[in-house]
Amino acid sequence: MHRSKERPVDRSITPSPSPPVSPPPGTSHGSSDFLQLNVGDAPVGGRADWLAQELRRAVADGRLPVGSRLPATRTLAADLHVSRGVVTEAYRRLTEDGQLAGRGRSGTIVVAAPVSAAPVSAAPVTAAPTTMGTTPVDHQSLDHHHQPPRTPHPPTPFAAPPGPEIFDELRTAPARVDLAPGLLDLAAFPRAAWLRAERAVLTDLPSAGFGYGDPRGTPALRRAVANWLARNRGIRADPDEVLIVAGTAQALGLIADVLHRDGVPEIAVEDPGSLGARQHLRYWRMATPPIPVDDDGIRVDALRASGARAVLVTPAHQFPTGVVLGGARRRELMRWAADGGLIVEDDYDAEHRYDRAPVRALRSLLPEQVCYAGSVSKLLAPALRVGWLLPPPKYREALTDAKRFADLGNAALPQLVLARLMESGELERLLRLLRRRHRRRRDAMIAAVRAHLPGARVHGAAAGLHLTVTFGPEGYRGSDTDLAAAALTHGVKVHPLSWHAQRPSPPGLVLGYAARTPDEITQGVAVIGEVLRSG
């Protein structure tokens with residue numbers, strides 16, 4: 001007996017009648033019951049922007065909770081009397097932001113909601129007297145909807161000098177637009193490719209592969225990393241020279257521990273330079289004398305004068321200024337190393353470049369005196385906690401021992417999956433996608449800075465995942481921590497440049513653009529501009 005096939009009924013929502021082809025008499029054109037949208041509220045030529053903003057607002061305030069299904073693009077377009085392309089573009093923007101996901105026949109689903117910043121009407125709380133003034137910006141939130149005054153919130157992460165927990169505090173601080181540096185577009189993580197590689201690894205892995213492995217890392221990943229570095233960074237290394245670590249953070253800890261045991265009490269650092277790197281080194285009892293950075297990179301004359309025997313540098317894209325170590329300065333630094341110095345090269349985001357040719361790694365030029373560190377945190381995701389070290393021969397055995405007694409080696413299964421992605425070409429394909437996407441976002445941030453921060457100087461825009469802006473004396477005379485605190489109270493998260501400097505420096509902000517959409521970037525920079533004008 002044949003049964004007729006029936007579609008399963010989705011009982012999670014109440015079916016509604018199909019929209020009429022034309023609105024009945026007495027109703028307004030271009031409106032929808034969904035979120036009470038009215039296309040008459042959209043600016044001329046900006047319907048996709050308007051719809052994307054309305055959807056973001058509904059996700060943020062809970063009208064569209066996680067798991068909600070959005071109308072089909074054809075249905076909503078018919079309701080609003082707009083082209084289907086307007087709705088498709090709005091959905092695409094929230095999908096890029098990681099808030100929506102297409103689920104085939106299930107439609108478009110809300111999969112994540114941003115943490116909303118609580119609008120406040122009080123001035124930011126800071127440890128030092130503020131120079132920003134106490135008049136609140138007439139911009140209670142990014143959607144411009146006035147909120148009633150609220151009770152003052154706890155002090156911001158900028159209320160005191162940054163301590164060891166500062167990045168955890170800032171990461172969990174509520175904000176509508178997070179422009180803090182350090183993240184790529186995590187929504188682009190290749191989930192399907194990762195799952196395919198993981199299934200292949202589990203299918204082929206013998207039982208012995210689930211036991212303890214080589215503390216240096218799996219042979220497959222060490223081989224894949226050696227090939228990756230040869231193709232993308234000009235480094236020729238044998239897989240046996242590669243040490244797999246839990247990200248650059250662990251690499252710095254291992255290096256500091258080994259050098260301290262070898263009688264090296266300090267590692268000089270660039271100034272300005274990464275606050276996080278400096279904190280890791282200091283935790284491992286390393287002094288971090290600051291060495292000035294100029295438009296050609298680290299000042300090697302100042303490095304020599306410091307007497308330091310080791311130095312941490314970011315030569316391909318200096319953090320946070322973005323300068324490239326110039327050719328003459330490179331040769332000078334290598335002469336310093338040839339005289340007995342050790343260079344720790346943090347190649348943290350060199351693959352992300354837009355307007356300039358690639359820069360060869362120092363390790364490719366002086367393998368005997370360079371300890372090279374890299375990771376997938378800026379290629380795939382920080383959550384993987386996978387990185388690599390290429391130690392110079394002098395420290396290879398000691399660093400291997402340090403890794404062995406730290407944790408017996410990284411987890412083997414993620415290493416094997418990552419090795420397949422690297423060798424299959426998936427990682428190169430992802431990098432090409434990210435470069436195109438990040439370039440658009442970088443361009444949006446530069447345009448927004450020009451429009452909303454007149455007089456600000458942009459640094460390091462040719463590569464990387466962030467840029468730095470500084471303000472001349474005529475542009476802003478206050479503290480950049482006060483500026484960052486004020487921006488956070490209005491829903492925008494940034495780093496003050498002074499966090500990353502040990503010596504006095506001009507006020508500035510370090511702004512990440514890779515993890516945000518062009519619309520969000522524009523909104524965030526506009527808020528910073530309003531905060532500046534109100535100070």
Please test Glu96 against Arg93 for salt bridge (charged side-chain N to carboxylate O under 4.0 Å, His left out), starting from the C-alpha separation and ending with a verdict.
-> CA-CA 5 Å; Glu96 276 195 357; Arg93 295 183 188 183; over 6 Å; no
With sequence neighbours left out, write down each residue that passes side-chain contact (heavy atoms from CB on, under 4.5 Å) with Leu186, or none if nothing qualifies.
-> Leu183, Leu184, Ala381, Pro382
Specify the closest pair of heavy atoms between [X] and [Y], including all atoms of both residues, with the distance to one decimal.
X: Arg385; Y: Ser377; answer: NH1-OG, 3.7 Å
X: Leu430; Y: Pro190; answer: CD2-CD, 3.8 Å
X: Ala52; Y: Ala90; answer: N-CB, 3.7 Å
X: Ala316; Y: Val324; answer: O-CG2, 3.5 Å
X: Leu379; Y: Leu434; answer: O-CD1, 3.8 Å
X: Ala251; Y: Val245; answer: CB-CG2, 4.1 Å

I need the [X] [atom1] to [Y] [atom2] distance, nearest 0.5 Å.
X: Leu37; Y: Leu35; atom1: CG; atom2: CG; value: 5.0 Å
X: Ile235; Y: Trp228; atom1: CD1; atom2: CH2; value: 12.5 Å
X: Leu70; Y: Ser68; atom1: CG; atom2: OG; value: 7.5 Å
X: Leu418; Y: Leu380; atom1: CG; atom2: CG; value: 6.5 Å
X: Leu488; Y: Leu170; atom1: CG; atom2: CG; value: 7.0 Å
X: His452; Y: Arg533; atom1: NE2; atom2: CZ; value: 8.0 Å

Check salt bridge (charged side-chain N to carboxylate O under 4.0 Å, His left out) between Arg231 and all other residues, then give those that pass, not counting sequence neighbours.
-> Glu428
Which residues satisfy the salt bridge (charged side-chain N to carboxylate O under 4.0 Å, His left out) test with Glu423, sequence neighbours excluded?
-> none
Within a radius of less than 6.0 Å around CZ of Arg356, do more than 12 heavy atoms belonging to other residues, nucleotides or ligands occur?
-> yes
Taking only residues two or more places apart in sequence or in another chain, which ones pass ring-ring contact (aromatic ring centres under 6.0 Å, His included) with [X]?
X: Trp499; result: Phe158, His495
X: His438; result: His352
X: Phe189; result: Trp194

Does [X] reach the main-chain N or O of [Y] with its side chain, forming a donor-acceptor pair under 3.5 Å?
X: Arg222; Y: Gly217; value: yes
X: Gln318; Y: Pro272; value: yes
X: His490; Y: Ala486; value: yes
X: Asp480; Y: Ser498; value: yes
X: Lys493; Y: Val177; value: no
X: Arg435; Y: Glu351; value: yes
X: Gln99; Y: Thr95; value: no
X: Thr75; Y: Pro71; value: no

Check against side-chain contact (heavy atoms from CB on, under 4.5 Å), Leu195 and Glu198 | CA-CA 5 Å; Leu195 286 171; Glu198 192 170 54; 3.9 Å; yes
For Thr470 and His459, test the side chains for any donor-to-acceptor distance below 3.5 angstrom and give the result as yes or no.
-> yes
Are a donor atom and an acceptor atom from the side chains of Thr517 and Asp97 found within less than 3.5 Å of each other?
-> no
pair [X]-[Y]: side-chain heavy atoms closer than 4.5 Å:
X: Met422; Y: Val225; result: yes
X: Thr218; Y: Ile244; result: no
X: Tyr348; Y: Thr314; result: yes
X: Val376; Y: Trp388; result: yes
X: Arg56; Y: Leu94; result: yes
X: Ile166; Y: Leu275; result: yes
X: Val111; Y: Leu100; result: no
X: Leu416; Y: Leu221; result: no

Any Lys/Arg nitrogen of [X] or [Y] sitting under 4.0 Å from an Asp/Glu carboxylate oxygen of the other?
X: Glu89; Y: Arg92; value: yes
X: Arg440; Y: Asp443; value: no
X: Glu520; Y: Arg441; value: no

Exercise answer: donor-acceptor pairs, residues 460-469 side-chain atoms, under 3.5 Å, sequence neighbours excluded:
| residue | atom | partner | partner atom | Å |
| --- | --- | --- | --- | --- |
| His466 | NE2 | Pro320 | O | 3.1 |
| Thr468 | OG1 | Pro320 | O | 2.6 |

Evaluate the side-chain contact (heavy atoms from CB on, under 4.5 Å) criterion for residues Trp50 and Val39: first the C-alpha distance (whole Å), next the side-chain angles of each, then the deciding distance (0.1 Å), finally the verdict.
-> CA-CA 9 Å; Trp50 163 79; Val39 77; 4.3 Å; yes
For [X], check side chain to side chain donor-acceptor pair (under 3.5 Å) against everything at least two apart and list the hits.
X: Arg429; result: Glu426
X: Asp178; result: none
X: Arg442; result: Asp355
X: Arg420; result: Asp204

Do Leu80 and Leu76 pass the side-chain contact (heavy atoms from CB on, under 4.5 Å) test, and can you show the C-alpha distance, the side-chain angles, and the key distance before you say yes or no?
-> CA-CA 6 Å; Leu80 297 177; Leu76 187 54; 4.0 Å; yes
Walk me through it: do Tyr513 and Ile446 pass the test side-chain contact (heavy atoms from CB on, under 4.5 Å)?
-> CA-CA 10 Å; Tyr513 51 77; Ile446 292 175; over 6 Å; no
Determine which pairs satisfy salt bridge (Lys or Arg N to Asp or Glu O under 4.0 Å) with at least one residue from residues 447-464, sequence neighbours left out, and list them in order.
-> none
